[in-house]
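What follows is a short report on a single structure.
Just so it is clear: chains get the letters A, B, ... in the order the sequence lines come, proteins before strands, and each one is counted from 1. Quick caveat, the model's predicted, so the values are computed rather than measured.
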There are 2 protein chains.
Amino acid sequence: MARTQGSHSDITGPRIRTTALSLFAQHGFAAVSMRQIAGEVGVQAGALYNYIPDKQTLLFSLMEEHLRELLQTRATREKPADTLDRLEDFVRFHIRFHLARPEAVFIAYMELRNLTEENFAAIEDLRRTYEMELEAVLRTGVEEGIFSIPDTKIATRAVIAMLNGINTWYRDSGRLSLEEVETIYWNMVRQAMGHA
Amino acid sequence: MARTQGSHSDITGPRIRTTALSLFAQHGFAAVSMRQIAGEVGVQAGALYNYIPDKQTLLFSLMEEHLRELLQTRATREKPADTLDRLEDFVRFHIRFHLARPEAVFIAYMELRNLTEENFAAIEDLRRTYEMELEAVLRTGVEEGIFSIPDTKIATRAVIAMLNGINTWYRDSGRLSLEEVETIYWNMVRQAMGHA
DNA sequence: GTCTATACCCAGATAGAC
DNA sequence: GTCTATCTGGGTATAGAC
């Protein structure tokens, strides 16, 4: 993969990010070296620093980009008016979005320990924003009497944890289609929330 | 914490393990050095190798010990005859056992990437054994007609993921007691499994 | 923008004195 | 069983030539 020489600013920048994402997901942030990333990209380690200030910032920006895209995509989506439909929409959206980018999801959950304090706080803030939408739906449903759960905060966490678990086992080549998985989980979530 | 000199085989061995467990949970396996472990224990790095062959084996043995204790504890527990009671027993046991040793749980899930192929296979085998008990209960319940789930394998994973999520937020000092958390989750699980 | 070279530091693991 | 000392390799990041 050795590069002779030359200027490739449009290509190298994005390639560093996708390569780092993939390597961090496979081996973990701390276990991946800058030399390793550079090697896969096809440049020398020093060249990476034309694009990123340091390794920590690279990790943070990958996580931040992922969460911002999540919020952005969610925000521009048309939402059903009915509360039950809204929960179904959230569940199906969550599964689809997260299964489509397993590496980013994995990093965003597993590498929180490796963020500096400030960066950690920023990422947690974005995640909280996302989860608050789900909690709002659940609270509305409780007020309307269609859900029966004693604590919407806990129910929110339970739903998110259950859905995130899919990423640990789902494979495109598996025996169930994405649509089937969505439906199975949607039913479990609906029932768990005490919907009749 | 410098140790002058002398022999402490009964103390040092266990201390290495508890210290490593704690440091790995906090910073991640790859980010913790042998010198760091030795420093906290109060010995020089070289002395660690009187107790462990290498860092990889240390990680593996910590995970293995955790899972063996899980299986052991579970095996020697009296099980209710009724299927619904059995599921409730599993849920409450799982929550209690895992909340009691958050560091070991965290490592056993987060550091799988850092195991060699053989060690990974051994750990996954132990985990599968544990989860198979839950799946057996669910399958029995479906046959008896008290649960209504289309796929017991997926339901098993969903329940485990939901319960494991508790470890990411539960604190002894929080607003809910362990008993309350258990009951809330037990109800969500029961309903998710389609129990009337 | 990328290269080569390097500063500086720390990693895992071992050898041999005590 | 622990220490000190050390081997060997690799880490992040920077400097300066092209």
*Which listed nucleotide (D:dC3, C:dC3, D:dG1) is nearest to the side chain of B:Val43?*
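The nucleotide sitting nearest to the side chain is D:dC3.
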*What is the bend of the helix from C:dG1-D:dC18 to C:dC18-D:dG1 when you compare the axis at one end with the axis at the other, using five pairs each and rounding to 10°?*
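That helix gives 0° between its end axes.
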Between [N] atom [atom2] and [X] atom [atom1], what is the distance in whole Å?
X: A:Asp10; N: C:dG1; atom1: CG; atom2: P; result: 9 Å
X: B:Ile11; N: D:dG1; atom1: CD1; atom2: C1'; result: 12 Å
X: A:Arg15; N: C:dT2; atom1: CZ; atom2: C1'; result: 15 Å
X: A:Asn50; N: D:dT14; atom1: CG; atom2: C1'; result: 11 Å
X: B:Tyr49; N: C:dG16; atom1: OH; atom2: P; result: 18 Å

_Student check: side-chain heavy atoms of A:Leu138 and A:Val142 closer than 4.5 Å_ =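 Heavy-atom side-chain distance check fails, nothing below 4.5 Å.
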_Donor-acceptor side-chain pairing of A:Glu135 and A:Thr152 below 3.5 angstrom_ =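 Yes - a donor-acceptor pair under 3.5 Å links their side chains.
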_Per-nucleotide protein contact string for nucleotides 4-11 of chain D, where B marks a base within reach and S marks sugar-phosphate only (heavy atoms under 4.0 Å, - for neither)_ = B-B----B
*Minimum heavy-atom distance between B:Arg77 and B:Asp89, given as atom pair plus value*: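 Of all heavy-atom pairs spanning B:Arg77 and B:Asp89, the closest is NH2-OD1, 2.7 Å.
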*asked:* Using OP1 and OP2 only, check whether a side-chain N or O of B:Thr12 sits under 4.0 Å from D:dG1.
replied: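 The answer is no; no side-chain N or O of B:Thr12 sits under 4.0 Å from OP1 or OP2.
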*Does one hydrophobic cluster hold both B:Tyr49 and B:Val43, with members joined at side-chain heavy-atom distances below 4.5 Å?*
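Cluster IDs for B:Tyr49 and B:Val43 match.
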